[in-house]
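The block underneath contains the structure these notes are about, expressed in structure tokens.
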Amino acid sequence: MERPDLDTWGGTRLREVPVIGHGGSLDVGLLLALDALLRDRNVTHAAARLNITQSALSARLTRLRQVLNDPLFIPAASGRGMTPTPHAIGLRPELTALLERLDEFAQGAALFDPVRSRRIFRIAATDNPAAILAPDLIPLIRAHAPEARVAFTLPDKARIPELLERGEIDLFVGAAEDGANSLVARSLYSEAFVTAQRKGHPRGSHPLTLDAFCALDHLLISTTGGGFTGMIDEALAELGRERTVSVSLQSYALTPLVLVGSDLICTLPRRFLARFTDALDLFAPPLDLAPFQIYAFWHPRMRNDPAHAWLREQVRRCAHAASQEDAPAADAESHRHGE
């Protein structure tokens, strides 16, 4: 295997990586010098291989002799080149294996093989985007990265930038207002609201009027827990109307179960409720509720990480596939400061 330039091997200044020898510090630059001399048995040719001067190589040979306590090379009887000592010859197999391992180490950070990866991908997301992405994302990752593991966690929104910076989570999926300006963001999909009721609801299946909407009992999701008002109540208040919220849940997952067993109605993101249309009927709400964007956020230091880039692409694919009715998710990444 041809050894690359000393300073740029794998993008790492390997000569600065210390290895401990019997006579002191043996850095990778010395190992590469020994390897080149064993290959060429000629200072001029070995120096050219390493792209250094002959005097620099001679200095490294002197250091190698000190560290390894052996002459390593003696002048050839022909007067041309050098002959390795038995000790130098004996070092060659282990030296070759060591340099190959160091080459793998230097290159490893820039490579990602999903088939062999055992990485744990951690995604912080509330119930709604998690319920939309996880059913498609988990099988996709399992198919292409069978040894990798995936963890969905509930976000501590106040600590999201810190957790991303420290690598305790890889991605945060949420609304625009939940992402800090220091993070990189990618728009995943646009979400709209629909109102759900159980099949066979006593009000029938005709479109909802504002009067009927306000007269029915509602279920509300309070992500902070225990709240009985939200953005829909604010929208109704602008119209001079109000509704009755009889049940407050903190988890999206309970919503379809409660709706199926009651005459409550609930207004939630369409993509979430669309998964339960075998038991629920969906209707357009009788008031204007602006759609909103869901984003993936990550720390800028992960922008060029191959494994992280692979994860981001899988999330993008799942977001795009979640609904054919919406416009494709934006491919462009953007910094919150406008990059």
Side-chain angles (χ1 to χ4, degrees), residues 1-120 145-149 165-167 170 299 301-310:
M1 178 176 65
E2 290 296 319
R3 300 293 172 202
D5 177 77
L6 184 60
D7 287 338
T8 59
W9 194 25
T12 305
R13 294 183 65 85
L14 288 177
R15 65 181 176 185
E16 298 175 357
V17 181
V19 180
I20 304 302
H22 294 296
S25 176
L26 183 66
D27 66 32
V28 179
L30 295 181
L31 295 180
L32 289 170
L34 179 57
D35 176 70
L37 287 167
L38 284 167
R39 289 169 178 270
D40 295 314
R41 303 189 181 189
N42 181 288
V43 172
T44 301
H45 295 165
R49 178 187 293 274
L50 294 174
N51 195 29
I52 60 176
T53 64
Q54 294 184 42
S55 60
L57 180 57
S58 295
R60 292 177 190 185
L61 177 56
T62 299
R63 182 60 183 150
L64 281 165
R65 286 167 170 163
Q66 294 171 347
V67 172
L68 297 176
N69 194 31
D70 187 85
L72 298 176
F73 298 90
I74 61 174
S78 65
R80 300 179 61 185
M82 300 183 297
T83 300
T85 66
H87 184 54
I89 293 173
L91 289 173
R92 185 166 190 176
E94 189 65 27
L95 174 64
T96 299
L98 177 60
L99 290 175
E100 288 178 352
R101 179 67 189 93
L102 286 171
D103 192 32
E104 293 174 2
F105 173 79
Q107 297 290 344
L111 300 175
F112 174 68
D113 182 359
V115 174
R116 300 174 59 186
S117 176
R118 291 178 172 268
R119 182 158 173 165
I120 299 175
E147 299 299 320
R149 291 185 285 175
E165 182 176 14
R166 293 169 57 180
D170 294 298
H299 194 273
R301 70 184 181 85
M302 304 303 293
R303 185 191 297 272
N304 296 321
D305 179 73
H308 198 276
W310 181 85

- Query: Do you know the tightest heavy-atom contact between Arg63 and Leu30?
  - Reply: CG-CD1, 3.5 Å
- side chain to side chain contact (heavy atoms under 4.5 Å, CB included) partners for Arg65, two or more places apart: Leu61, Leu72, Phe73
- Which distance, rounded to the nearest 0.5 Å, do you find between the CG of Leu57 and the CG of Leu32? 11.0 Å
- Identify the two heavy atoms, one from Leu102 and one from Val28, that lie closest to each other, and give their separation to 0.1 Å. CD1-CG2, 4.0 Å
- Task: Only pairs at least two apart or in different chains count here, so list each side chain to side chain donor-acceptor pair (under 3.5 Å) that has a residue in residues 69-82.
- Result: Asp70-Thr85
- Under the salt bridge (charged side-chain N to carboxylate O under 4.0 Å, His left out) rule, collect the residues that match up with Arg119, sequence neighbours excluded. Asp170, Asp305
- For Arg92, what residues pass the side chain to side chain contact (heavy atoms under 4.5 Å, CB included) criterion, not counting sequence neighbours? Leu38, Arg39, Thr96
- Sequence neighbours excluded, the answer for side-chain hydrogen bond (donor to acceptor under 3.5 Å, both in side chains) partners of Thr53 is Ser55
- Item | Partner set under side-chain hydrogen bond (donor to acceptor under 3.5 Å, both in side chains) for Gln54, not counting sequence neighbours | Thr44
- Message: If the condition is side-chain hydrogen bond (donor to acceptor under 3.5 Å, both in side chains), which residues does Arg118 pass it with, not counting sequence neighbours?
- Response: none
- Message: Working to the nearest 0.5 angstrom, can you tell me the gap between His308 NE2 and His299 NE2?
- Response: 10.5 Å
- Message: Using the side chain to side chain contact (heavy atoms under 4.5 Å, CB included) criterion, which residues pair with Thr83? Sequence neighbours excluded.
- Response: Ile74, Ala76
- Is there a side-chain contact between Arg41 and Pro84, using heavy atoms and a 4.5 Å cut-off? yes
- Task: Can you sort out the partners of Asp40 under side-chain hydrogen bond (donor to acceptor under 3.5 Å, both in side chains), two or more places apart, ordered by chain and number?
- Result: Arg49
- Rounded to the nearest 0.5 Å, how far apart are CG of Leu98 and CG of Leu91? 10.5 Å
- To the nearest 0.5 Å, atom CG of Leu64 lies from atom CG of Leu31 at 7.5 Å
- Check the surroundings of atom CZ in Arg301: do more than 12 heavy atoms from other residues, nucleotides or ligands lie under 6.0 Å from it? yes
- Taking only residues two or more places apart in sequence, or in another chain, which ones meet Ala145 in a side chain to side chain contact (heavy atoms under 4.5 Å, CB included)? Pro114, Ile141, Ala148, Trp310
- dist Arg60:CZ -> Leu37:CG (nearest 0.5 Å) comes out at 10.5 Å
